Amino acid sequence: MGFPDRIERTVEIAHPPAKVWAALTTADGLSSWFGNEASIDLRPGGSAQMTFGSEHTARMRVERVEEPAVFGFTWHIYGLPENDPRRTYVEFTLEPTGDGTRLTVVESGFAQLSADAFREAYDGNTKGWASELGELVDYLNAA
Amino acid sequence: MPPDIEAIAEQVFVALADPSRRAILAALAAGGPATATDLAARLPITRQAIAKHLGLLAEAGLVMAEPGERRRVRYRLRSAPMQVAQQFLAALARNWDDKLDALREHLNN
């Protein structure tokens, strides 16, 4: 089928890297174009959060902060259950070009799952809701 | 990418391409494990056709047969293959083009 593991886009922006950097790495910047509301702790390992409408919240983990050239974070793969450990890695690279910036975004890891990890997920998931509901019944019986 | 991952995703998409199988999977997702007879009562599909589709779905690992009440076989949806298919769809659903347009517009204002 040839589904992509990575997505890559490059755009030319008529503003210097410092201005683009602020749009990518501050709560004010992110909430202006990416999400509706945003918060960010800008350091490797720091957490960031964005809401999209009232329905969806994306939780990110900041991975790379090299002002004003590289900003990277991981986030959850949209559509998979909250407890699924798989995350994609998003990296923005900013290169100065005269008065502007060449911005590249790469998101990778869509096809990261190994056959072993798959088997583990496969076996682990067969219980799923049945076992969670079983635990609820046990809990209610004990109360 | 290990080839069996693609094969699993393909089986999910093949299963979903057929309206009867889509209805059966949707019924199992919405209502939980069910026998072929339960499904025949709920869906406008004959019991024979449902049994045939359930056999194919079980062979593909998308549903699992398990013992139910009165020695009836019940079928349960397996979510893991769906999650594998979902990760393929995630790459298609991510919309960087619009986001980057929004970024440009934000910077220009």
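The figures here come from the full heavy-atom set of this structure, side chains too, leaving out hydrogens, waters and symmetry mates. These numbers come from a predicted model, not from an experiment. First the proteins, then the strands, lettered A, B, ... as listed; each starts at 1.
- Between chain A and the options B/His106, B/Arg94, B/Glu105, heavy-atom pairs under 4.5 Å are most frequent for B/Arg94.
- The hydrophobic cluster containing B/Leu62 also contains B/Leu43, counting ILVMFWY residues as joined when their side-chain heavy atoms lie under 4.5 angstrom apart, directly or transitively.
- Residues A/Val65 and A/Val105 share a single hydrophobic cluster, defined by chaining ILVMFWY side chains whose heavy atoms lie under 4.5 Å apart.
- Environment of CD in A/Glu66: crowded, with over 12 heavy atoms of neighbouring residues, nucleotides or ligands closer than 6.0 Å.
- Taking CG of B/Leu92 as the start and CZ of A/Phe110 as the end, the distance is 9.0 Å to the nearest 0.5 Å.
- For chain A, the nearby parts of B/Ala90 are the backbone and the side chain; heavy atoms of each come within less than 4.5 Å.
- To the nearest 0.5 Å, the span separating CZ on A/Arg9 from CG on B/Asp97 amounts to 4.0 Å.
- Other residues, nucleotides and ligands contribute only 12 or fewer heavy atoms inside 6.0 Å of the CG atom of A/Asp99.
- For the 3.5 Å distance criterion, the side chains of B/Trp96 and A/Glu107 qualify, holding a donor opposite an acceptor.
- Nearest heavy atom pair, residue B/Ala91 against residue A/Ile7, reads O-CD1, 3.3 Å.
- One hydrophobic cluster, built from ILVMFWY side chains closer than 4.5 Å, cannot hold both A/Phe71 and A/Tyr89; they sit in different ones.
- A continuous path of hydrophobic side-chain contacts links B/Leu57 to B/Leu16 [ILVMFWY only; heavy atoms under 4.5 Å].
- Using a 4.5 Å heavy-atom threshold, the side chains of A/His15 and B/Asn108 count as touching.
- The structure places CG of B/Asp101 at 11.0 Å from CH2 of A/Trp33, a figure rounded to the nearest 0.5 Å.
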May I have the step-by-step check of side-chain contact (heavy atoms from CB on, under 4.5 Å) for A/Ile13 and B/Leu100, ending in yes or no?
CA-CA 10 Å; A/Ile13 294 177; B/Leu100 291 171; over 6 Å; no

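- Between B/Leu103 and A/Val11 there is no side-chain heavy-atom pair separated by less than 4.5 Å.
- Under the 4.5 Å side-chain heavy-atom criterion for Ile, Leu, Val, Met, Phe, Trp and Tyr, B/Val14 and B/Leu56 are members of distinct hydrophobic clusters.
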